[in-house]
Every structure is written in C-alpha cells, then in structure tokens.
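Scope of the values below: all heavy atoms of this structure, side chains included, with no hydrogens, waters or symmetry mates.
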Amino acid sequence: MRDTRPGPARYLGRVPMVVGALALVLGASGCTRIRTHQGYQVDKLLVDSVQPGIDNRASVEATLGRPTFTAQFGQADWYYVSREMRQLAFASPRPVEQTVLRVRFDPAGNVVAVDRTGLDQIARISPSGDKTPTLGRNRSLFDEIFGNIGAVGAGGAPGTRSGPGPNGS
C-alpha cells in the first residue's frame, strides 16, 4: 500500500530510524581496533646483511641507522627496538609483536654477534592498589611517630653528664 500523504510528511516516519542507524554506526566506530608501531622499522634483509667479523660500527650505522639506544655500562652494545601494539576502544594497549635487535661489538669496534629477542622478554607487572609493596617492617602511623621515643640518645637520666661535651656526649 502506497503512502498517500503529501510532500515531506511521508518521510517523517523514517527520520527516527535513520537517526538511530546513524547513531549506531557512529557508536560502533569508537570500538575499532587501533594498531600502532613504536620504534625501529625492522627490515629483515638489512638485518640479515650485518655479519659478525665483517662489519664494524660505521657499516652497521650505514646499514641499520642509528640505534634506538646504546649500552650504558660494560660492553659497547647497540639496541634496535621495534614494537607493534594493539588497543581496542578504551582498553589498555598491549604488545602483539616485539623485536629487540642487539648488535655486540668488540673493543676494536667490529661486530661480534647479532642477537634477537621477542615478546618473551616483556615483564608483566600487576600493581596492587595505590601502594607499592616494599621489603622491611610494616609500620603503622603510630609506630612511625612514637616508635623512636627513648631509642635516640638514651645515654642516661636527664641532668647527668657522661662526657665532656655541653650535652654530656
């Protein structure tokens, strides 16, 4: 059966449906998966071209570029870090893929080894509440305030001097 209402009046029944569908599409678009890349762009061909015993610091820098960071202590190692992250809507991002390329050099600056690690090196940390647990005694506020009474400078009764100093020390 055809709608015989004149002009735009026949479309008024469809407006709420169109608005609802548009709101549904906009709301669902906020739940898309976000994929990000952080760090070094790994090129397998370039990484495989770095050879121990053949390359040196200058050739590694020319091939792979400047490292993400270098070792601060001990050996002179270069690290190239690459990480792929995924996040769904408002959830915390989580690593999906990670590559840490470590180039080790000898004291002369020649490549000794090229090591790769992946997601197995990521540490999962679960904080418990708003406090970080530490080793040692668990002292209450009362213990913190009054716990040292009598412990510091308890050399003797007041008014008695035990040493040559002005306060008996």
Side-chain angles (χ1 to χ4, degrees), residues 1-3 5 7-106 109-144:
M1 174 175 217
R2 277 184 79 184
D3 191 0
R5 289 184 284 178
R10 77 176 98 178
Y11 299 113
L12 287 178
R14 296 181 187 166
V15 169
M17 232 179 356
V18 170
V19 169
L22 194 63
L24 183 66
V25 168
L26 286 174
S29 69
C31 295
T32 59
R33 213 173 264 269
I34 300 168
R35 187 173 184 168
T36 59
H37 177 84
Q38 299 172 336
Y40 179 72
Q41 292 285 347
V42 177
D43 185 349
K44 186 170 175 18
L45 184 64
L46 291 177
V47 170
D48 291 340
S49 70
V50 175
Q51 298 295 319
I54 298 172
D55 287 308
N56 58 21
R57 287 181 205 263
S59 65
V60 170
E61 187 171 354
T63 304
L64 300 178
R66 293 179 52 104
T68 307
F69 62 93
T70 60
Q72 299 296 313
F73 304 104
Q75 300 174 351
D77 296 345
W78 286 4
Y79 295 90
Y80 296 86
V81 180
S82 172
R83 182 184 286 176
E84 294 284 333
M85 304 284 283
R86 282 198 187 141
Q87 177 180 3
L88 180 62
F90 300 105
S92 296
R94 61 182 178 84
V96 177
E97 183 180 331
Q98 174 174 306
T99 303
V100 177
L101 181 69
R102 177 177 138 193
V103 182
R104 293 188 294 161
F105 297 99
D106 63 9
N110 298 317
V111 175
V112 174
V114 178
D115 305 320
R116 288 187 200 184
T117 57
L119 284 173
D120 56 334
Q121 297 293 316
I122 294 178
R124 306 263 185 235
I125 299 173
S126 299
S128 58
D130 59 349
K131 290 185 178 180
T132 303
T134 59
L135 298 176
R137 297 186 335 175
N138 291 329
R139 296 176 60 167
S140 67
L141 178 64
F142 185 76
D143 287 337
E144 288 289 334

Indicate every side-chain donor-acceptor pair of residues 63-74 with a distance under 3.5 Å to a residue at least two apart or in another chain.
{"residue": "Thr63", "atom": "OG1", "partner": "Ser59", "partner atom": "O", "Å": "2.8"}
{"residue": "Thr68", "atom": "OG1", "partner": "Val81", "partner atom": "N", "Å": "3.0"}
{"residue": "Gln72", "atom": "NE2", "partner": "Thr70", "partner atom": "O", "Å": "3.3"}

Would you list the atom pairs, donor with acceptor, under 3.5 Å between side chains in residues 83-92 and any protein atom, with sequence neighbours excluded?
{"residue": "Arg83", "atom": "NE", "partner": "Gln98", "partner atom": "OE1", "Å": "2.9"}
{"residue": "Arg83", "atom": "NH2", "partner": "Gln98", "partner atom": "OE1", "Å": "2.8"}
{"residue": "Glu84", "atom": "OE1", "partner": "Arg35", "partner atom": "NE", "Å": "3.4"}
{"residue": "Glu84", "atom": "OE2", "partner": "His37", "partner atom": "ND1", "Å": "2.7"}
{"residue": "Gln87", "atom": "NE2", "partner": "Ala89", "partner atom": "O", "Å": "3.4"}
{"residue": "Gln87", "atom": "NE2", "partner": "Ala91", "partner atom": "O", "Å": "2.9"}

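- Scanning both residues, Val111 and Gln51, for their nearest heavy atoms gives CB-O, 4.0 Å.
- Val42 has its side chain out of reach of Leu101: every pair of non-hydrogen atoms, C-beta onward, lies at least 4.5 Å apart.
- Between Pro52 and Ala113, the shortest heavy-atom contact is CG-CA, 4.2 Å.
- Atom OG of Ser49 sits about 7.0 Å away from atom CG of Asp55, to the nearest 0.5 Å.
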Verdict with supporting geometry, Val47 and Tyr80, side chain to side chain contact (heavy atoms under 4.5 Å, CB included)
CA-CA 10 Å; Val47 170; Tyr80 296 86; over 6 Å; no

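- The CD atom of Glu61 lies 4.5 Å from the CH2 atom of Trp78; values are rounded to the nearest 0.5 Å.
- For Ser82 (side chain) and Gly39 (main-chain N/O), no donor-acceptor pair under 3.5 Å exists by modelled atom type.
- Using a 4.5 Å heavy-atom cutoff, the side chains of Asp115 and Arg104 are in contact.
- In this structure, Asp120 has no salt bridge (charged side-chain N to carboxylate O under 4.0 Å, His left out) partners at least two apart in sequence or on a different chain.
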